[in-house]
Amino acid sequence: MKLLEGKTAMITGASRGIGKAIAIAFAGEGANIAFTDIRRDEVMEQTENELRALGVKAIGYASDASSFEDSERVVDAIAAEFVRIDVLVNNAGITRDNLLMRMAEADWDLVLKVNLKSAFNLTKAVQKYMLKQRSGSIINMSSVVGINGNAGQSNYSASKAGLIGFTKSIAQELGSRGIRCNAIAPGFIETDMTSKLPEEVRKEWAQKIPLRRGGKPEDVAQACIFFASNLSEYVTGQVLSVCGGMNM
Ligand code: NAI
């Protein structure tokens, strides 16, 4: 028996990167996949095809996680199509890095809206289905910088720290209804997001990692399987760092 057989998982921002790796890992464990990204393009279609090749039902939806109305709309559409939503992964996220002295107000607002408010939007929309089912697992994609901070990322770090507070509050609100909520704090993971960083910054990060390598999206996906499945049925309100030990 696969770990997520018969379950439906919804993952935001999953046409590429960590979200895509999570979708593929969940499909490999038998879950049907509803995923979103900001637009429907060939990247989304490619991911949809890769998921279907694994023998599960998979549909990509164009939806802006930072929009309250759009999030409600897409969740209702997914619930109508897939009948249930067992797992929600709030993965969509962006960076607009700068030192505070150079950070524009618009970049603060945008990062908070896409990274933090999105989790409110989606979790609020999904909870009504999970409450009816009296079960569910919500996973929020935080970051090690949400725990430790990072110069040049005050907006991003604040959004990721906010997700940790949100995770613990939702775990307390919904635990008695059989709904768990946990966060993952990835370290340096090789994706489009980190490929934008200058080479010297990447080298500096690598030196801080006891396991001496950047993480792969699949490393994060493995931790998500743990939180999504019954392997973690007595675990809620926790933050798991997937960072090669760099947070010690
Ligand atoms: P990525 O940039 O490769 O992928 C993010 C995906 O989210 C993209 O497909 C993008 O189109 C989508 N997206 C952006 N805004 C959206 C919106 N408003 N609505 C729906 N989708 C949207 O990034 P990556 O590296 O895969 O990151 C995934 C998550 O993991 C993010 O929340 C990020 O902050 C977090 N993370 C990443 C780390 C890394 O080292 N790559 C480290 C720690 C956390």
Side-chain angles (χ1 to χ4, degrees), residues 10-25 34-48 60-75 78 88-97 107 109-122 125 139-150 153 155-164 166-167 183-197 201-202 204-206 208-209 213-221 223-224 239-244 246-247:
M10 172 175 183
I11 306 147
T12 63
S15 286
R16 64 173 203 224
I18 292 172
K20 178 178 180 178
I22 296 167
I24 286 175
F35 70 98
T36 71
D37 213 296
I38 199 80
R39 66 185 66 84
R40 181 160 190 94
D41 55 10
E42 64 283 3
V43 184
M44 177 177 275
E45 279 162 19
Q46 166 73 20
T47 299
E48 218 172 41
Y61 294 82
S63 180
D64 178 358
S66 72
S67 156
F68 185 77
E69 291 77 23
D70 203 21
S71 298
E72 196 170 40
R73 178 195 61 78
V74 77
V75 166
I78 289 167
L88 166 66
V89 186
N90 286 313
N91 168 76
I94 58 165
T95 52
R96 291 290 183 277
D97 298 349
D107 285 340
D109 288 347
L110 183 66
V111 167
L112 268 290
K113 201 172 167 202
V114 174
N115 295 5
L116 181 58
K117 189 183 175 224
S118 60
F120 162 77
N121 296 339
L122 272 307
I139 303 167
N140 294 320
M141 203 54 66
S142 180
S143 167
V144 289
V145 307
I147 301 167
N148 298 336
N150 194 25
Q153 289 198 304
N155 51 357
Y156 183 80
S157 305
S159 72
K160 295 300 183 181
L163 279 175
I164 293 175
F166 181 70
T167 299
I184 294 184
F188 186 92
I189 311 293
E190 308 273 359
T191 66
D192 289 352
M193 186 177 270
T194 45
S195 67
K196 287 183 249 161
L197 293 171
V201 177
R202 293 160 63 86
E204 205 184 300
W205 277 71
K208 291 185 199 152
I209 303 173
R213 66 167 176 90
K216 301 186 295 294
E218 292 74 20
D219 294 316
V220 179
C224 288
V239 185
L240 176 60
S241 293
V242 179
C243 61
M246 67 174 277
N247 64 340

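Remember, it's 1-based here, ligands and their atoms both numbered in the order they're listed. This chain uses plain numbering: 1 for the first residue, then up along the sequence.
Nearest to atom 18 (N) of ligand 1 among the protein's heavy atoms is Asp64 OD1, 2.8 Å. The single protein non-hydrogen atom nearest to atom 2 (O) of ligand 1 is Arg16 NH2, 2.8 Å, given as residue, atom name and distance. Among all protein heavy atoms, the one lying closest to atom 13 (N) of ligand 1 is Asp37 OD1, 3.9 Å. What sits closest to atom 14 (C) of ligand 1 on the protein, heavy atoms only, is Ile94 CG2, 3.8 Å. Annotation: atom 36 (N) of ligand 1 to nearest protein heavy atom, Tyr156 OH, 3.5 Å. Of the protein's heavy atoms, Ile38 CD1, 3.6 Å lies nearest to atom 17 (C) of ligand 1. Summary of contacts: the protein heavy atom closest to atom 22 (C) of ligand 1 is Ala92 CB, 3.7 Å. Of all protein heavy atoms, the one closest to atom 5 (C) of ligand 1 is Gly93 O, 4.0 Å.
Within the 4.0 Å heavy-atom shell around ligand 1 one does not find Thr12. Residue contacts with ligand 1: Gly187 is included, with a non-hydrogen atom under 4.0 Å away. Within the 4.0 Å heavy-atom shell around ligand 1 one does not find Glu190.
Heavy-atom contacts of Thr194 reach the following atoms of ligand 1: 39 (C), 40 (O), 41 (N) (cutoff under 4.0 Å). The ligand atoms of ligand 1 that sit less than 4.0 angstrom from a heavy atom of Met141 are 29 (C), 30 (O), 35 (C). Heavy-atom contacts of Ser63 reach the following atoms of ligand 1: 19 (N), 20 (C) (cutoff under 4.0 Å).
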Which donor-acceptor pairs under 3.5 Å do the side chains of residues 109-117 make with protein atoms, sequence neighbours left out?
{"residue": "Asn115", "atom": "OD1", "partner": "Ile94", "partner atom": "N", "Å": "2.9"}
{"residue": "Asn115", "atom": "ND2", "partner": "Ile94", "partner atom": "O", "Å": "3.1"}
{"residue": "Asn115", "atom": "ND2", "partner": "Ser159", "partner atom": "OG", "Å": "3.2"}

Which pairs would a plain distance check flag for residues 14-23, meaning a side-chain donor or acceptor within less than 3.5 Å of a matching protein atom at least two apart in sequence or in another chain?
{"residue": "Arg16", "atom": "NE", "partner": "Asp192", "partner atom": "OD2", "Å": "3.3"}
{"residue": "Lys20", "atom": "NZ", "partner": "Glu50", "partner atom": "OE2", "Å": "3.0"}

For Tyr156 and Asn150, run side-chain contact (heavy atoms from CB on, under 4.5 Å): C-alpha distance rounded to whole Å, both residues' side-chain angles, the deciding distance at 0.1 Å, then the answer. CA-CA 9 Å; Tyr156 183 80; Asn150 194 25; over 6 Å; no
Determine, stepwise, if the pair Glu190 / Lys216 fulfils salt bridge (Lys or Arg N to Asp or Glu O under 4.0 Å). CA-CA 6 Å; Glu190 308 273 359; Lys216 301 186 295 294; over 6 Å; no
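For atom 31 (C) of ligand 1, the choice among Thr47, Asp192, Asn91 with the nearest heavy atom turns out to be Asn91.
Heavy atoms of Thr191 found under 4.0 angstrom from ligand 1 belong exclusively to the side chain. When heavy-atom distances to ligand 1 are checked against a 4.0 Å cut-off, Ser142 comes that close only through its backbone atoms N, CA, C and O. Contacts with ligand 1 closer than 4.0 Å are made by side-chain heavy atoms of Val114 only, the backbone lying farther away.
Taking only nitrogen or oxygen atoms, main chain and side chain alike, Ser143 does not reach within less than 3.5 Å of ligand 1. Considering backbone and side-chain atoms together, Ile18 places an N or O closer than 3.5 Å to an N or O of ligand 1.
A donor-acceptor contact shorter than 3.5 Å links the side chain of Thr12 to the backbone of Ala92.
The environment of CZ in Arg202 is crowded: more than 12 heavy-atom neighbours from other residues, nucleotides or ligands sit within 6.0 Å.
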